[in-house]
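As structure tokens, the structure follows; a few thoughts come after it.
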Amino acid sequence: MKKILVIGALGQIGSELTPEFNKRYGCDNVVVADVAYDKHGVVKDNAFEKIDVTDYNAIESAIKRHRIDTIINLAAILSAKGEQNPDLAWRINIDGLLNVIRLGVKYKLDRVMVPSSIAVFGPQSVLYNAPQETVLKPNTMYGITKVTGELLADYYFRNFGLDFRGIRYPGIISYKTPPGGGTTDYAVEIFYDALKHKKYTCFLSSEACLPMMYMPDCIRGTIMLLEADRSKLQHHGNYNLGAMSFTPEILAAEIRKHIPEFEISYKPDFRREIAKYWPASVDDSSARAEWGWAPQWDLPATVADMLKEVAKKVN
Ligand code: NAD
Ligand code: AKB
């Protein structure tokens, strides 16, 4: 793992993963790419390539030019946007992924990493402490693309020896870059509205319990898996990863400990149906056993830190 290409680097996760990579591997060894321009200097310390992940030739030319041996592909259409434009979700999440996989095989890349999601679960899955292995029949296009990605990861590992790694991220909470159109985005928006207006109208129902994770844990877990000893890994693109679980009601109660007058109300929309068949919690014992995962951020610590950091932005 000498030279890394991060595709989709300007998004919620990429904008925080890239600086950590810079600290660890050096800016010269991390090349970033996105379909958008880096207008706000989010990843200004790195060589930047404007690449659409569906463009095989553009990725190939970046691999050759920068002598890339590792790709992290974060380019994706998330769950809510994916339901509004399923064709686009398939094209970016699957055609883009296949480009990365085929080039990974062609250039014998050291490893590729592409996230999966708790969206792989569905109505027939076990939704409490969702097992690593269970029925995966999601009812969203986003979920379908993520299950397909996990199956492709296994296939290309088995038949072509591609070292493919991925985590089923829960909803990620952060303040640096806004989330990109998912069902768990409420758990970020709520902090801005709590600080600005002391009230928030939630698009999920009060009892929608989902697994969530604070960004520092997401970054740490991602790097742990990326660097894990290949011989210890029994899975490829599909590690369950847990940290905390809560409903909007529980999150609001935690915020109220800091802002007593904060009020939450509910106006559920189509995203309630998406959340309904996602797990309340996940069993991450494989990640713990195979590469030592353990979360460090719980709900009270996350809420306190988010309120402190978001306050700096809204003021
Ligand atoms: P995001 O939407 O915030 O960022 C995605 C980035 O990809 C954006 O910068 C966007 O400009 C870029 N992009 C979009 N289309 C592209 C294309 N055609 N070519 C190149 N770049 C393109 O997403 P994120 O939250 O950072 O998610 C990264 C990965 O993690 C995705 O695979 C997502 O499914 C997964 N994931 C995220 C979460 C979460 O809560 N953030 C949870 C589970 C899984
Ligand atoms: C979304 O809500 O779509 C993402 C995810 C959990 O995959 N945050």
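We count residues from 1, following the sequence as given. For ligands, and for the atoms within them, numbers begin at 1 and follow the listed sequence.
- Neither the backbone nor the side chain of I172 comes within 4.0 Å of ligand 2, counting heavy atoms alone.
- Residues I173 and W297 form no side-chain contact, since every pair of their non-hydrogen atoms from C-beta on lies 4.5 Å or further apart.
- At the top of the distance list for atom 1 (C) of ligand 2, counting protein heavy atoms only, stands S79 OG, 3.3 Å.
- Counting non-hydrogen atoms of other residues, nucleotides and ligands closer than 6.0 Å to CZ of R67 gives a total of 12 or fewer.
- Any N or O atom pair closer than 3.5 Å counts here, and Y142 shares at least one such pair with ligand 2.
- Taking every non-hydrogen atom of L78 and a distance limit under 4.0 Å, the qualifying atoms of ligand 2 come out as 3 (O), 4 (C).
- In terms of protein heavy-atom proximity, atom 5 (C) of ligand 2 is nearest to S117 OG, 3.5 Å.
- Aromatic pair Y239/W293: centroids not less than 6.0 angstrom apart.
- Here the protein heavy atom with the shortest distance to atom 28 (C) of ligand 1 is L74 O, 3.3 Å.
- Under the 4.5 Å side-chain heavy-atom criterion for ILVMFWY residues, a single connected hydrophobic cluster contains both L5 and V114.
- When only modelled atom types and interatomic distance are considered, S286 and Q234 share no side-chain donor-acceptor pair under 3.5 Å.
- Of the N and O atoms on the side chains of N139 and Y277, not one donor lies less than 3.5 Å from an acceptor on the other residue.
- Where the criterion is an N or O separation shorter than 3.5 Å, residue side chain and backbone included, T54 fails it with respect to ligand 1.
- When side chains are defined from C-beta on, F191 does not count as touching Y200, because their heavy atoms never get closer than 4.5 Å.
- There is no side-chain donor-acceptor pair under 3.5 Å between S281 and S245.
- Nearest protein neighbour of atom 2 (O) of ligand 2, counting heavy atoms only, is T183 N, 2.6 Å.
- Within the listing of ligand 1, atoms 31 (C), 32 (O), 34 (O) sit less than 4.0 angstrom from a heavy atom of A76.
- Comment: D284 engages R288 in a salt bridge, judged by a side-chain N to carboxylate O separation of less than 4.0 angstrom.
- Less than 4.0 angstrom separates some heavy atom of G171 from each of these atoms of ligand 1: 40 (O).
- The closest protein non-hydrogen atom to atom 18 (N) of ligand 1 is D52 OD1, 2.9 Å.
- F164 contributes atom CZ, which lies 11.0 Å from atom CD1 of I71 (distance to the nearest 0.5 angstrom).
- If you check which protein heavy atom lies closest to atom 38 (C) of ligand 1, you get I172 CG1, 4.0 Å.
- For atom 9 (O) of ligand 1, the closest non-hydrogen atom of the protein is D34 OD2, 2.7 Å.
- Atom CD1 of residue I77 and atom CG of residue N93 lie 6.5 Å apart, to the nearest 0.5 angstrom.
- The proximity of P170 to ligand 1, defined as any non-hydrogen pair under 4.0 Å, is limited to the backbone.
- Of the protein's non-hydrogen atoms, the one nearest atom 8 (N) of ligand 2 is T184 OG1, 2.8 Å.
- Side-chain atoms of Q296 and Y214 form no donor-acceptor pair, as typed in the model, at a separation below 3.5 Å.
- Given atom 20 (C) of ligand 1, the protein heavy atom at minimum distance is I51 O, 3.2 Å.
- Atoms of ligand 1 lying under 4.0 Å from any heavy atom of V53, numbered from 1 in the order shown and given with element: 17 (C), 18 (N), 19 (N), 20 (C).
- Side-chain contact check for D185 versus V188: every heavy-atom pair is 4.5 Å or farther apart.
- The protein atom (non-hydrogen) at minimum distance from atom 26 (O) of ligand 1 is I13 N, 2.9 Å.
- At a 4.0 Å heavy-atom cut-off, ligand 1 touches K146 through the side chain alone.
- The N/O atoms of L78, backbone and side chain alike, include none that comes under 3.5 Å of an N/O atom in ligand 1.
- When only interatomic distances are considered, the shortest N/O to N/O separation between S117 and ligand 1 does not fall below 3.5 Å.
- From the protein, the heavy atom lying nearest to atom 44 (C) of ligand 1 is S116 O, 3.2 Å.
- Each of the following atoms of ligand 1 lies closer than 4.0 Å to a heavy atom of I92: 15 (N), 18 (N).
- For ligand 1, the polar-atom distance check finds no N/O of A75 at less than 3.5 Å from any of the ligand's N/O atoms.
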For a salt bridge (charged side-chain N to carboxylate O under 4.0 Å, His left out) check, start with the C-alpha distance between K267 and D269, then their side-chain angles and the critical distance, and finish with the verdict.
CA-CA 7 Å; K267 198 175 170 198; D269 64 18; over 6 Å; no

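- For atom 33 (C) of ligand 1, the closest non-hydrogen atom on the protein side is Y142 OH, 3.6 Å.
- Side chain to side chain, Y266 and E207 fail the donor-acceptor criterion of an N or O pair below 3.5 Å.
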